[in-house]
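Note that ligands are numbered from 1 as they come in the structure, with each ligand's atoms numbered from 1 the same way.
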Amino acid sequence: DLADIGVTGLATMGRNLARNLARHGHAVAVHNRSAGRTDDLVREFGGEGTFLPSHETAAFVASLKRPRRAIIMVKAGAATDAVIEELAELMEPGDMIVDGGNAHYADTRRREAALRERGIHFVGTGISGGEEGALNGPSIMPGGSKESWEALGPILQDIAAKVDGVPCAVHVGPDGAGHFVKMVHNGIEYSDMQLIAESYDLLRQALGVTPAELAPIFREWNEGELGSYLIEITAEVLDHVDAATGTPFVDVVVDQAEQKGTGRWTVQSALDLGVPVTGIAEATFARALSGHPEQRAAAARVLAGPSVSGASERSLIEDVRHALYASKIVAYAQGFDQMAAASREYDWNLDLGALATIWRGGCIIRARFLDRIRAAYDADPDLPTLLAAPDFAEALNAAQDAWRRVVTTAVEIGVPTPGFSSALAYYDGLRRERLPAALVQGLRDYFGAHTYHRVDREGSFHTDWSGDRTESQTS
Ligand code: NBP
């Protein structure tokens, strides 16, 4: 008998994905470069379903039903290229290679184009939810051809997380669309975590409370509009006490946040697309700042903080809740703008509302909030910005006074809140009728004759700044 689908690369993610497939009744061919992992999987979990193990790639490919469907779960980068080439050599037109690793979307576009030439469908797929999601239901974001989705979609929807019975897996779009959307998902995850960290830091410093005293506040927030997996686990982490020292767990962890690079990719892409993703950028840079202990030590020795230390009122808690929610709306609005811009750039025809739906379960940013994004795009698919959707505008208007107080307090007591502050600046920037960009244009015309447009006439203009300052129309 042949397998319905195969998984090659059986480290944490691949092994759990293979088990998930098997548990759903799909016969799974399994393979790994070093045979030990394949044998371990079958020995430990063989009873969970039908596994067809192979030690050689040729045998693995031969064990698949046609058209063949093989998922690659190996280290992103050169390893992925090597495995794709091995599989493609052994496959036939109409077969499908799925890359479930964290590939850069530009690599996915390149690989898809190369394999298309050979008649093989290449499906770059974002898979979110870590090892737990891979086993029990991830959020799945596949890119690739319509034909490949027809053949793979039912299996992927089968093993994906479900929310209200709806699977967290849709066909995102062609070529690199799936990996792009996964990248932005990760960027948004960075900003969500940064905003939570700022909330914790500001409340702890301003109120002089312990992490354990903050845990119930997050637990309470989790019951309202902020309800989400990340808020839920924040309460757990803050409550945790280090067994060895008896001190709060957060106080024994080195305060340098690491990154694997998807946040950086998101910001790099946003710069190319010209989309301000300040929330994600600030979160990425905040991690970078944390990772420079020598600079921090040198600065801490000589740079002064504010003279006021003033204890804040308990009302700050409710203000921070508002600031967190408002800043979160901004970060998501920016991320969705980036996906819309990429969709135009690459002709992906992304359905933004559907993307909100597949992030509702299985992934790290899962939250009830995403239902509101879905509703906003359902009501108006051409929404210029999520900030202008009636529900979000109302929430922002209700939050903005508190948000300003939070940023003011943070500035006064010297607690850095780059996420809150930049989100508020973005909010104020977008709602301004006139921006000082007009002055920037004037300066550019002065030093570089870069020309400007007028508010009252069509065309481009230049002022003779070094001469008699007369204006001429240049086009
Ligand atoms: P790793 O990223 O740690 O990769 C280990 C796997 O890659 C092993 O199966 C290893 O085989 C295989 N491999 C390597 Br390394 N080089 C190879 C080569 N040249 N040829 C064939 N196989 C090779 O595994 P992971 O943490 O399970 O993640 C798999 C993918 O899923 C990655 O792209 C990752 O970014 C992505 N991802 C991970 C998570 C997560 O939470 N961990 C979440 C979402 C996505 P070996 O056993 O023979 O060394």
- Who's the nearest protein heavy-atom neighbour of atom 34 (C) of ligand 1, and how far? N102 N, 4.0 Å
- Query: Any chance the rings of F285 and Y190 have centres within less than 6.0 Å?
  - Reply: no
- Message: Just to confirm my output: which protein heavy-atom neighbour is closest to atom 30 (C) of ligand 1, and how far is it?
- Response: V74 O, 3.5 Å
- CG on D192 to CD1 on I364, rounded to 0.5 Å: 11.0 Å
- Message: Under 4.0 Å from atom 3 (O) of ligand 1, can you find at least one protein heavy atom?
- Response: no
- Item | R204 bridged to D251 by N-O distance under 4.0 Å | yes
- Of the listed options (K75, H31, K182, E131), which comes nearest to atom 15 (Br) of ligand 1 when hydrogens are ignored and any heavy atom counts? K75
- Task: Report the part of V83 (side chain from C-beta onward, or backbone N, CA, C, O) that has a heavy atom under 4.0 Å from ligand 1; answer both or neither where that applies.
- Result: side chain
- Query: Will you find, in the side chains of Q334 and T278, an N or O donor that is under 3.5 Å from an N or O acceptor?
  - Reply: yes
- With atoms numbered from 1 as shown, which atoms in ligand 1 lie under 4.0 angstrom from a non-hydrogen atom of G9? 9 (O)
- Does the pair S269 and Q338 meet the rule for a side-chain hydrogen bond (donor to acceptor under 3.5 Å, both in side chains), with working shown? CA-CA 8 Å; S269 143; Q338 183 174 0; 2.9 Å; yes
- Among Y426, Y325, Y427, ring-ring contact (aromatic ring centres under 6.0 Å, His included) partner for W403: Y427
- Query: In terms of residue, atom name and distance, what is the protein heavy atom nearest to atom 27 (O) of ligand 1?
  - Reply: M13 N, 2.8 Å
- Task: Enter the distance from Y346:OH to L273:CG here, rounded to the nearest 0.5 Å.
- Result: 6.0 Å
- Of all the non-hydrogen atoms in the protein, which one sits nearest to atom 46 (P) of ligand 1, and at what distance? S34 OG, 3.3 Å
- Query: What part of L10 sits under 4.0 Å from ligand 1 if we count only heavy atoms: the side chain, the backbone, both or neither?
  - Reply: backbone
- Message: At under 4.0 Å between heavy atoms, is it the side chain or the backbone of I127 that contacts ligand 1, or both, or neither?
- Response: backbone
- Item | Working for salt bridge (charged side-chain N to carboxylate O under 4.0 Å, His left out), residues R69 and D4 | CA-CA 7 Å; R69 296 174 283 203; D4 302 311; 5.1 Å; no
- protein heavy-atom neighbour closest to atom 14 (C) of ligand 1 works out as R33 NH2, 3.6 Å
- salt_bridge(E236, R219) N-O dist < 4.0 Å: yes
- Message: Test your reading of the structure: does K260 have an N or O sitting under 3.5 Å from an N or O of ligand 1?
- Response: no
- Message: Quick test: of every protein heavy atom, which one is nearest to atom 41 (O) of ligand 1, and how far off is it to 0.1 Å?
- Response: G130 CA, 3.4 Å
- Query: Is it the side chain (CB and beyond), the backbone, both or neither of N32 that lies under 4.0 Å from ligand 1, heavy atoms counted?
  - Reply: side chain
- Protein contact of atom 24 (O) of ligand 1 - nearest heavy atom, named by residue and atom, plus distance: A11 CB, 3.5 Å
- Query: Which atoms of ligand 1 are found less than 4.0 Å from any heavy atom of M73?
  - Reply: 29 (C), 31 (O)
- Message: Under a 3.5 Å distance rule, please check whether T38 uses its side chain to pair with a backbone N or O of N32 as donor and acceptor.
- Response: yes
- For I97 and A88, the nearest pair of non-hydrogen atoms, with its separation, is CD1-N, 4.1 Å
- Query: How close does the nearest protein non-hydrogen atom get to atom 47 (O) of ligand 1, and which residue and atom is it?
  - Reply: R37 NE, 2.6 Å
